[in-house]
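Below you'll find the structure, written out as structure tokens, and then a few comments.
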Amino acid sequence: MAALGKAEESPGCCGLFLLLPGPPMQPRWVLLVALSVLFLSGRAGALTEGLYCGRQVCYDVLGVSRDANKGDIARAYRQLARKYHPDRYRPGDQLGPDGETRESAQEKFILVATAYETLKDEETRKDYDYMLDHPEEYYRHYYHYYSRRLAPKVDVRIVILVSVCAVSIFQYYSWWSSYNEAINYLATVTKYRIQAMEIAKQQGLLNRTKEKGKNRRSKEEIKSEEEEIIRDIIKNKIDIKGGYQKPQIFDILLFQIILFPYYMFKYISWYVRWIYTFNIQGKEYGEEEKLYLIRKYMKMSQSQFDTLEEHRKNTFLEQKLWIKENYEVYRQEQEEETKKKMASDPRWKRYRRWMKNEGPGRLTFADD
């Protein structure tokens with residue numbers, strides 16, 4: 001039976017070669033050459049055009065070993081940068097001081113700069129060393145190389161923080177603008193203006209003695225002061241709800257993000273207490289819980305529900321709308337009442353007549 005394999009010394013060679021099963025005395029040189037080619041091609045495959053220093057090793061470009069520290073790498077870079085800097089070569093000269101043309105020196109200068117950029121950074125150098133040691137993982141090398149080149153230079157966390165701060169500042173000043181618009185509008189409403197003037201007279205803000213002499217002011221100045229007094233009284237006496245309410249610093253986006261864990265813990269605690277108190281122990285709802293259930297059934301936000309007048313909330317409590325069945329009856333009654341109002345409204349009648357006779361798909365021309 002033929003032997004599986006035998007190691008023999010090759011004449012004229014300083015090593016051993018492997019004889020595999022086959023014809024007698026026939027060395028498998030082809031196999032050795034193939035393995036050598038695969039091994040060398042794998043090593044050369046790590047040096048790919050477009051990655052780092054291309055087909056050249058960055059350490060060889062700078063003339064340093066793989067154990068060189070940052071100081072050695074920096075010194076080698078400065079020496080080669082001075083040697084191949086394009087400014088040493090005049091455009092009209094054929095050869096420079098070192099026998100290099102301007103074009104070749106510029107190419108070498110770029111290669112030296114690329115090698116230095118690769119080796120000066122610890123993370124990039126670590127990836128490059130890994131590529132030299134593991135040439136077969138070329139997909140990984142491409143990924144790490146381009147992920148570092150295309151990565152943003154600024155920390156993403158800083159970008160997010162600056163964006164949130166900018167949005168919060170814009171949000172806060174926008175709310176103040178809306179609030180001031182609401183105050184200016186209320187100051188022009190006769191009902192609120194008369195009430196504010198009565199309060200101002202009671203507080204003695206508008207019953208001042210007339211000024212004489214040098215301290216006398218013009219009518220425009222007195223009127224401007226009165227308007228400011230009315231605005232201040234409206235601000236202090238009227239509680240504006242909804243989108244025009246007075247802005248609070250804790251309502252902006254930045255503080256909402258910071259306080260999100262607190263709000264989440266508070267909501268979970270409230271939910272657990274609700275389940276334990278009313279579902280497990282079976283206690284009756286308080287007024288606050290009843291209003292919460294009513295607001296939930298009506299699908300209104302807290303700010304929308306706060307704009308309702310107190311007598312409406314009391315009516316909801318009297319009708320026991322926190323009970324689901326009572327609320328369904330109330331909702332159906334409201335829908336029926338709305339339909340009756342729309343049926344008796346002349347504008348709604350005209351709209352229904354237009355939809356029946358013409359419809360939105362018909363092109364008509366009005367006389368006016």
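Just so you know, these numbers use all the heavy atoms, side chains as well, and skip hydrogens, waters and symmetry mates.
The shortest side-chain heavy-atom distance between Ile73 and Tyr116 falls under the 4.5 Å cut-off. Leu321 has its side chain within reach of Met298: a pair of non-hydrogen atoms, C-beta onward, lies under 4.5 Å apart. Proximity of Tyr327 to Ile323: side-chain heavy atoms (C-beta onward) are nowhere separated by under 4.5 Å. Proximity of Leu291 to Phe305: side-chain heavy atoms (C-beta onward) are separated by under 4.5 Å at one or more points. In this structure the side chain of His134 reaches within 4.5 angstrom of the side chain of Glu137, judged on heavy atoms. Counting heavy atoms from C-beta outward, Tyr263 and Gln256 have side chains that approach closer than 4.5 Å.
Residue pairs meeting the salt bridge (charged side-chain N to carboxylate O under 4.0 Å, His left out) criterion with at least one partner in residues 181-200, sequence neighbours excluded, are Arg193-Glu227. Pairs of residues two or more places apart, or lying in two chains, that qualify as side chain to side chain donor-acceptor pair (under 3.5 Å) and include a residue from residues 68-77 are Asp72-Arg75.
The line from CZ of Phe109 to CZ of Arg82 is 11.5 Å long, rounded to the nearest 0.5 Å. The OG atom of Ser65 lies 10.5 Å from the CG atom of Asp60; values are rounded to the nearest 0.5 Å. Separation of atoms CE (Met131) and CZ (Arg140) is listed at 11.5 Å; rounding is to 0.5 Å. Of the inter-residue distances, the one linking Ile233 atom CD1 with Leu186 atom CG reads 13.5 Å to the nearest 0.5 angstrom. To the nearest 0.5 Å, atoms CG (Leu161) and CD1 (Ile257) are separated by 9.5 Å. With values rounded to the nearest 0.5 angstrom, Glu284 atom CD is found 11.5 Å from Glu289 atom CD.
In this structure, Thr188 contributes its side chain and Tyr185 its backbone to a donor-acceptor pair below 3.5 Å. Under the 3.5 Å distance criterion, the side-chain polar atoms of Ser269 are matched with a main-chain donor or acceptor of Phe265. Proximity of a side-chain donor or acceptor of Gln281 to a complementary backbone N or O of Phe278 within less than 3.5 Å is not detected. No donor-acceptor pair closer than 3.5 Å links the side chain of Ser224 to the backbone N or O of Glu220. Between the Thr124 side chain and the Thr118 main chain, no donor and acceptor come within less than 3.5 Å of each other.
Under the 30°/60° scheme for interplanar angles, the aromatic rings of Trp274 and Trp270 are found to be tilted. Taking the six-membered ring where tryptophan is involved, the planes of Tyr52 and Tyr128 are perpendicular, since the angle between them exceeds 60° and thus also 30°.
When the side chains of ILVMFWY residues are joined at heavy-atom separations under 4.5 Å, either directly or via intervening members, Ile258 and Leu253 end up in a single hydrophobic cluster. Hydrophobic clustering of Ile, Leu, Val, Met, Phe, Trp and Tyr side chains at less than 4.5 Å, counting indirect connections, keeps Tyr267 apart from Phe250. Hydrophobic cluster membership is shared by Ile249 and Tyr262, with clusters built from Ile, Leu, Val, Met, Phe, Trp and Tyr side chains linked at under 4.5 angstrom. Follow the hydrophobic side-chain contacts under 4.5 Å out from Val164 and you never reach Tyr173; the two are in separate clusters. Under the 4.5 Å side-chain heavy-atom criterion for ILVMFWY residues, a single connected hydrophobic cluster contains both Leu317 and Leu293.
Counting heavy-atom neighbours within 6.0 Å of Phe255 CZ, excluding the residue itself, gives a total above 12. Enclosure of atom CD in Glu288 is not indicated, since only 12 or fewer non-hydrogen atoms of other residues, nucleotides or ligands lie within 6.0 angstrom. Within 6.0 Å of CD in Glu287 there are 12 or fewer heavy atoms belonging to other residues, nucleotides or ligands. Annotation for Tyr297: atom OH counts as buried by contact number, over 12 foreign heavy atoms lying within 6.0 Å.
Using a 4.0 Å cut-off between charged side-chain N and carboxylate O, Glu123 and Lys126 make no salt bridge. Contact check on Glu336 versus Lys340 returns no salt bridge, with no Lys/Arg side-chain nitrogen under 4.0 Å from an Asp/Glu carboxylate oxygen.
Contact detail for Ile252 and Gln171: the closest heavy-atom pair is CA-OE1, 3.3 Å. In terms of heavy atoms, Leu119 sits closest to Arg125 at O-CD, 3.6 Å.
Under the 3.5 Å distance criterion, with hydrogens and angles disregarded, no donor-acceptor pair is assigned to the side chains of Trp175 and Tyr179. Side-chain N/O atoms of Tyr59 and Asp129 include a donor and acceptor closer than 3.5 Å. There is no side-chain donor-acceptor pair under 3.5 Å between Tyr330 and Gln319.
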For this session: Before giving the answer on salt bridge (charged side-chain N to carboxylate O under 4.0 Å, His left out), spell out for Arg331 and Glu328 the whole-Å C-alpha distance, their side-chain angles and the decisive distance to 0.1 Å.
Result: CA-CA 5 Å; Arg331 185 177 62 82; Glu328 291 296 333; 2.7 Å; yes

For this session: Go through Asp251 and Tyr172 one step at a time and tell me if the side-chain contact (heavy atoms from CB on, under 4.5 Å) criterion holds.
Result: CA-CA 8 Å; Asp251 293 334; Tyr172 187 70; over 6 Å; no

Problem set entry | Tyr84 and Leu111: CA distance, side-chain angles, deciding distance, side-chain contact (heavy atoms from CB on, under 4.5 Å) verdict | CA-CA 10 Å; Tyr84 296 114; Leu111 183 61; over 6 Å; no

For this session: Go through Leu308 and Met300 one step at a time and tell me if the side-chain contact (heavy atoms from CB on, under 4.5 Å) criterion holds.
Result: CA-CA 11 Å; Leu308 299 179; Met300 300 176 65; 4.1 Å; yes

Exercise. Could you go step by step and tell me if Leu62 and Cys58 meet the side-chain contact (heavy atoms from CB on, under 4.5 Å) rule?
Worked result: CA-CA 6 Å; Leu62 296 180; Cys58 293; over 6 Å; no

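Cluster partners of Tyr130: none. The rule joins Ile, Leu, Val, Met, Phe, Trp and Tyr whenever side-chain heavy atoms lie under 4.5 Å apart, and it links nothing here.
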